[in-house]
A.B. asks: 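The structure follows.
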Amino acid sequence: KHSYQELYSADRTHFELLTEHTKIALDRRTGRLDCYCVNGQSLIGKDGMRLVLCQDNEDSWGMNDYVVNHYVEEFRLATPEEAAAIAGVKKPLSPVNVIENGDVRAVIEVIALCRHSWTVMQWIWPKLGGPLELRMRVFSDETDTLFKLRIPGTMNGDVHYLGQDAFGTAELDMDGTEQVSQQWVA
């Protein structure tokens with residue numbers, strides 16, 4: 001039997017997983033994934049991954065504006081009372097929880113809010129190798145607002161940005177314009 005206790009960092013501020021090739025850490029105080037190292041190379045920059053709201057307009061096809069970087073606000077962790085209401089339970093609930101911890105993977109759930117919207121993010125951490133996965137449900141009650149998952153990178157040099165398209169894999173632009181992919185990006 002595995003205990004979520006084994007995922008605590010020494011100072012108990014993070015959930016943390018160390019494998020032969022990776023180190024993953026999620027800050028329990030902010031809900032942000034702020035460490036993802038593969039073979040000793042950090043892939044996430046300062047402030048970690050976070051969901052933000054950007055001012056948008058009604059041009060859903062991006063025919064007039066291809067760059068949407070006017071950040072309005074970012075999601076914050078739910079309070080225990082807000083997390084309980086979202087999860088549909090009566091007792092206060094921590095907004096950052098280990099919901100699965102076994103031999104193959106650990107799953108950390110984060111509940112966050114911003115203005116009139118909320119999200120439930122599930123981070124799937126592989127213990128035997130494989131990619132880090134994020135499953136996210138967003139419940140939006142916003143108008144003229146774009147949701148962005150900010151992933152500050154640390155890589156320089158020969159970097160390629162790929163995404164799934166209708167016929168396989170497409171190389172995406174890294175010039176700040178909006179990019180579209182289907183189920184994954186790499």
Side-chain angles (χ1 to χ4, degrees), residues 2-19 21-38 41-56 68-102 104-127 130-142 145-155 181 183-186:
H2 294 274
S3 164
Y4 69 89
Q5 299 285 339
E6 70 188 22
L7 294 174
Y8 278 125
S9 61
D11 63 3
R12 300 181 66 84
T13 60
H14 287 74
F15 285 123
E16 181 174 273
L17 178 67
L18 299 169
T19 69
H21 299 286
T22 61
K23 177 182 179 183
I24 306 169
L26 186 135
D27 192 324
R28 296 176 58 227
R29 301 161 298 184
T30 64
R32 292 182 187 168
L33 188 80
D34 60 10
C35 175
Y36 183 46
C37 295
V38 178
Q41 181 177 358
S42 176
L43 301 177
I44 296 178
K46 187 177 182 224
D47 295 329
M49 288 189 193
R50 62 197 182 280
L51 188 62
V52 298
L53 298 181
C54 298
Q55 184 64 45
D56 200 5
V68 182
N69 283 326
H70 178 69
Y71 303 110
V72 176
E73 204 168 339
E74 68 181 60
F75 278 70
R76 65 165 176 82
L77 274 185
T79 65
E81 292 74 23
E82 291 166 333
I86 290 168
V89 298
K90 293 182 182 186
K91 293 183 180 180
L93 176 70
S94 172
V96 180
N97 286 295
V98 176
I99 60 171
E100 181 181 328
N101 187 30
V104 176
R105 70 182 193 173
V107 180
I108 313 293
E109 186 171 80
V110 177
I111 301 172
L113 301 123
C114 188
R115 296 198 312 201
H116 307 291
S117 301
W118 51 276
T119 183
V120 177
M121 296 177 276
Q122 290 185 344
W123 292 97
I124 293 91
W125 295 0
K127 291 187 174 182
L132 175 67
E133 184 178 341
L134 171 61
R135 294 181 186 165
M136 184 181 327
R137 288 180 291 147
V138 176
F139 298 85
S140 172
D141 193 15
E142 309 294 332
T145 303
L146 180 99
F147 293 74
K148 276 192 173 187
L149 181 62
R150 297 274 304 156
I151 307 172
T154 60
M155 299 168 59
S181 63
Q183 296 180 343
W184 58 264
V185 293

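Quantities reported herein were computed from a predicted structural model and do not represent experimental measurements. Residues: numbered from 1 along the sequence shown.
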A.B. asks: In terms of the angle between their ring planes, are F75 and F147 parallel, tilted or perpendicular, with boundaries placed at 30° and 60°?
C.D. replies: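 Geometry flag for F147 against F75: tilted rings.
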A.B. asks: Measuring from atom CD1 of I99 to atom CD1 of I108, what distance do you get when rounded to the nearest 0.5 angstrom?
C.D. replies: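 Reported value, rounded in 0.5 Å steps: 8.5 Å.
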A.B. asks: State, yes or no, whether a side-chain contact exists between I86 and L113 at a heavy-atom distance under 4.5 Å.
C.D. replies: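 I86 reaches L113 side chain to side chain.
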A.B. asks: Identify the two heavy atoms, one from P126 and one from I24, that lie closest to each other, and give their separation to 0.1 Å.
C.D. replies: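 Looks like CD-CD1, 4.5 Å.
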A.B. asks: Going from CD on E133 to CH2 on W123, what distance comes out if it is rounded to the nearest 0.5 angstrom?
C.D. replies: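 The distance works out to 10.5 Å.
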A.B. asks: How far apart are the closest heavy atoms of A84 and P92, and which atoms are they?
C.D. replies: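 For A84 versus P92, the nearest heavy atoms are CB-CA, 4.0 Å.
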A.B. asks: Would you say the side-chain atoms of T119 pair up with the backbone N or O of R137, donor to acceptor, closer than 3.5 Å?
C.D. replies: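 Judged by distance alone, yes, a pair lies under 3.5 Å.
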A.B. asks: Could you grab the distance from atom SG of C37 to atom NE2 of H21, nearest 0.5 Å is fine?
C.D. replies: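 Here the rounded value is 14.0 Å.
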A.B. asks: To the closest 0.5 Å, what do you measure between CG (L134) and CD1 (I124)?
C.D. replies: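 That separation rounds to 7.0 Å.
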A.B. asks: Measure the CG-CD1 distance between L132 and I44 for me, rounded to the nearest 0.5 Å.
C.D. replies: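 With rounding to 0.5 Å, CG (L132) is 7.0 Å from CD1 (I44).
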A.B. asks: On a heavy-atom basis, which atom in H116 and which in D141 lie closest, and how many Å separate them?
C.D. replies: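 The pair with the smallest heavy-atom distance is O-CB, 3.3 Å.
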A.B. asks: Any donor and acceptor pair, going by atom type alone, linking the side chain of R32 with main-chain N or O of D47 inside 3.5 Å?
C.D. replies: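 Indeed, once roles are kept as given, a pair shorter than 3.5 Å links the two residues.
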A.B. asks: Return the CE to CG distance between M49 and D34, rounded to the nearest 0.5 Å.
C.D. replies: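 Taking CE in M49 and CG in D34, the distance rounds to 10.5 Å.
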A.B. asks: Under 3.5 Å, side chain of D27 to main-chain N/O of R29, donor-acceptor pair present?
C.D. replies: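 Present.
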A.B. asks: Can you give me the closest heavy-atom contact between C54 and V72, atom names plus distance?
C.D. replies: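 For C54 versus V72, the nearest heavy atoms are C-CG2, 3.9 Å.
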A.B. asks: According to the salt bridge (Lys or Arg N to Asp or Glu O under 4.0 Å) rule, which pairs have a member within residues 79-91, sequence neighbours left out?
C.D. replies: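 Passing the test, one end in residues 79-91: R76-E82.
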A.B. asks: Determine, stepwise, if the pair I151 / V185 fulfils side-chain contact (heavy atoms from CB on, under 4.5 Å).
C.D. replies: CA-CA 12 Å; I151 307 172; V185 293; 5.7 Å; no
A.B. asks: Are L33 and M121 close enough, and set up right, to give a side-chain contact (heavy atoms from CB on, under 4.5 Å), and what steps lead you there?
C.D. replies: CA-CA 11 Å; L33 188 80; M121 296 177 276; over 6 Å; no
A.B. asks: Start with the C-alpha distance between L77 and V110, add both sets of side-chain angles, then the distance that settles side-chain contact (heavy atoms from CB on, under 4.5 Å), and finish with yes or no.
C.D. replies: CA-CA 8 Å; L77 274 185; V110 177; 3.6 Å; yes
A.B. asks: Passes side-chain contact (heavy atoms from CB on, under 4.5 Å), D56 versus T145? Steps please.
C.D. replies: CA-CA 5 Å; D56 200 5; T145 303; 5.5 Å; no
A.B. asks: On a heavy-atom basis, which atom in C114 and which in E142 lie closest, and how many Å separate them?
C.D. replies: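 Heavy atoms only, the tightest pair is O-OE2, 3.6 Å.
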A.B. asks: What are the two closest non-hydrogen atoms of A83 and P95, and how far apart are they?
C.D. replies: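 Result for this residue pair: CB-CA, 4.1 Å.
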A.B. asks: Name the one of E74, R150, M136 that satisfies side-chain contact (heavy atoms from CB on, under 4.5 Å) with L51?
C.D. replies: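 Going through E74, R150, M136 one by one, the side-chain contact (heavy atoms from CB on, under 4.5 Å) with L51 is satisfied by M136 alone.
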A.B. asks: Strictly distance-based, threshold 3.5 Å: is any side-chain N or O of K127 a donor or acceptor partner for the main-chain N or O of G102?
C.D. replies: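 A pair under 3.5 Å: yes.
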A.B. asks: Do the side chain of R28 and the main chain of F15 share a donor and acceptor less than 3.5 angstrom apart?
C.D. replies: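 Flag not set: sc R28 to bb F15 has no pair under 3.5 Å.
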